[in-house]
Amino acid sequence: MVECKAVKVNLKDFLKENRVKGYYLNENYVEGVSDVSDKYIEDTESPSSRTFIISNKDEFNRIFSKTQIDVDFEKEIVILYIFSDVNPYRKNYNLKGIKRQNTNLTVQIELEKSEKDDSTMLYQRCLVLKMRKVDIDCVEFEEI
């Protein structure tokens with residue numbers, strides 16, 4: 001069983017440590033003092049995605065705080081996928097399939113359809129997948 005639902009999580013510090021390519025608010029920017037063009041900084045050095053397999057409560061609590069996700073780590077694992085995205089106004093990525101080959105997992109996702117031209121500059125986005133505990137070493141996300 002795979003559970004997909006939108007939840008609010010507080011990953012602020014973890015996301016700061018695990019950036020992906022994108023634009024980030026310049027911490028040295030001062031409204032009304034700094035040049036407007038300095039408000040955001042482009043990160044071109046980080047990878048375009050990062051994936052974390054979370055298999056114990058200590059690791060989960062280190063990453064997530066004040067989350068609405070209940071996990072029984074005896075039976076379940078959590079996969080956190082952090083990636084560069086340009087679609088902030090489309091809320092849902094739909095799970096289309098999961099393929100397992102040995103200890104490798106491929107998660108197929110699809111962005112909800114939209115008739116609007118609603119893309120923006122690259123930003124950091126997260127997907128959280130809670131699933132039955134399986135022995136895996138690698139998870140890849142594939143957008144179809």
Side-chain angles (χ1 to χ4, degrees), residues 1-29 34-144:
M1 177 193 92
V2 176
E3 179 178 331
C4 285
K5 65 178 181 177
V7 294
K8 293 194 183 281
V9 293
N10 182 0
L11 299 169
K12 186 178 178 182
D13 292 336
F14 187 78
L15 290 177
K16 192 174 182 180
E17 296 166 10
N18 292 283
R19 284 186 167 175
V20 293
K21 286 183 180 175
Y23 289 84
Y24 296 89
L25 192 59
N26 181 350
E27 294 176 358
N28 298 318
Y29 179 80
S34 302
D35 189 292
V36 175
S37 65
D38 293 333
K39 188 170 185 173
Y40 293 95
I41 297 173
E42 182 180 12
D43 179 344
T44 58
E45 302 294 315
S46 296
S48 54
S49 68
R50 297 177 189 266
T51 305
F52 298 88
I53 302 168
I54 305 160
S55 57
N56 65 66
K57 189 158 186 68
D58 290 338
E59 186 178 14
F60 182 82
N61 289 339
R62 182 179 65 81
I63 297 170
F64 298 93
S65 63
K66 301 178 185 175
T67 183
Q68 303 168 344
I69 305 172
D70 292 321
V71 183
D72 179 353
F73 284 102
E74 294 293 319
K75 300 176 185 172
E76 300 169 315
I77 61 172
V78 172
I79 298 168
L80 171 60
Y81 178 53
I82 305 169
F83 62 106
S84 299
D85 199 4
V86 294
N87 299 292
Y89 303 108
R90 291 192 245 172
K91 296 181 181 14
N92 294 317
Y93 274 86
N94 298 311
L95 179 65
K96 298 310 269 183
I98 297 177
K99 297 177 183 176
R100 182 176 176 199
Q101 184 174 7
N102 300 319
T103 59
N104 297 328
L105 203 67
T106 301
V107 179
Q108 297 173 320
I109 57 174
E110 181 180 58
L111 180 63
E112 72 179 354
K113 303 289 187 226
S114 174
E115 298 299 319
K116 298 177 185 174
D117 185 15
D118 59 355
S119 61
T120 186
M121 62 186 175
L122 281 175
Y123 73 100
Q124 191 176 37
R125 187 165 188 167
C126 299
L127 295 179
V128 178
L129 179 68
K130 180 176 92 167
M131 60 183 283
R132 179 177 39 90
K133 190 172 206 167
V134 291
D135 184 25
I136 53 175
D137 297 321
C138 179
V139 179
E140 288 186 37
F141 280 75
E142 176 181 271
E143 191 171 339
I144 57 172

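Just the heavy atoms: all of them, side chains too, but no hydrogens, waters or symmetry mates, feed the values below.
By the side chain to side chain contact (heavy atoms under 4.5 Å, CB included) test, K39 pairs with L25, Y29, E31, sequence neighbours left out. For the salt bridge (charged side-chain N to carboxylate O under 4.0 Å, His left out) test, no residue two or more places apart in sequence or in another chain qualifies with K133. Legend: residues meeting side chain to side chain donor-acceptor pair (under 3.5 Å) with E142, ordered by chain and number and at least two apart, are Q108. Judged as a side chain to side chain donor-acceptor pair (under 3.5 Å), and not counting sequence neighbours, the contacts of D137 are T103. Partners of K99 under the side chain to side chain donor-acceptor pair (under 3.5 Å) rule, at least two apart in sequence or in another chain, do not exist in this structure. Considering only residues two or more places apart in sequence or on other chains, V134 meets the side chain to side chain contact (heavy atoms under 4.5 Å, CB included) condition with I77, R100, M131, R132, I136. Applying the salt bridge (charged side-chain N to carboxylate O under 4.0 Å, His left out) rule to E74 yields no partners; only residues at least two apart in sequence or on another chain are considered. With sequence neighbours excluded, no residue forms a side chain to side chain donor-acceptor pair (under 3.5 Å) with E45. Residues that satisfy the ring-ring contact (aromatic ring centres under 6.0 Å, His included) test with F141, not counting sequence neighbours, are Y81. With sequence neighbours left out, C126 forms a side chain to side chain contact (heavy atoms under 4.5 Å, CB included) with L11, L15, L80, I82. Judged as a ring-ring contact (aromatic ring centres under 6.0 Å, His included), and not counting sequence neighbours, Y24 has no contacts.
Nearest heavy-atom pair, R19 versus Q124, reported as atom, atom and distance to 0.1 Å: CA-NE2, 3.3 Å. Between K130 and V71 the shortest heavy-atom distance is CD-CG2, 3.9 Å. Taking all atoms of both residues into account, the shortest heavy-atom contact from S49 to V20 is CA-CG1, 3.8 Å.
Taken from CG in N18 to CG in D13, the straight-line distance is 11.0 Å, to the nearest 0.5 Å. Interatomic distance, CG of D135 versus CG of N102, reported as 10.5 Å (0.5 Å rounding). Rounded to the nearest 0.5 angstrom, I98 CD1 and I79 CD1 are separated by 7.0 Å. Here CG of D72 is found 10.0 Å from CG of D70. Values are rounded to the nearest 0.5 Å.
Annotation for F52: atom CZ counts as buried by contact number, over 12 foreign heavy atoms lying within 6.0 Å. Atom CD of E140 has 12 or fewer heavy atoms from other residues, nucleotides or ligands within 6.0 Å.
Using a distance-only test at 3.5 Å, with no hydrogens or angles considered, a donor-acceptor pair links the side chain of D35 to the main chain of S37. Judged by distance alone, with hydrogens and angles left aside, the side-chain atoms of E143 form no donor-acceptor pair with the main-chain N or O of Y93 at under 3.5 Å. A side-chain donor-acceptor contact under 3.5 Å links S84 to the backbone of K21.
When side chains are defined from C-beta on, V107 does not count as touching L127, because their heavy atoms never get closer than 4.5 Å.
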Would you give me the side-chain donor-acceptor pairs under 3.5 Å for residues 55-62, sequence neighbours excluded?
unit_1: N56; atom_1: OD1; unit_2: D58; atom_2: N; d: 3.2
unit_1: N56; atom_1: OD1; unit_2: E59; atom_2: N; d: 2.8
unit_1: N61; atom_1: ND2; unit_2: K57; atom_2: O; d: 3.4

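Between the side chains of N87 and D85, at least one donor-acceptor pair of N or O atoms lies under 3.5 Å.
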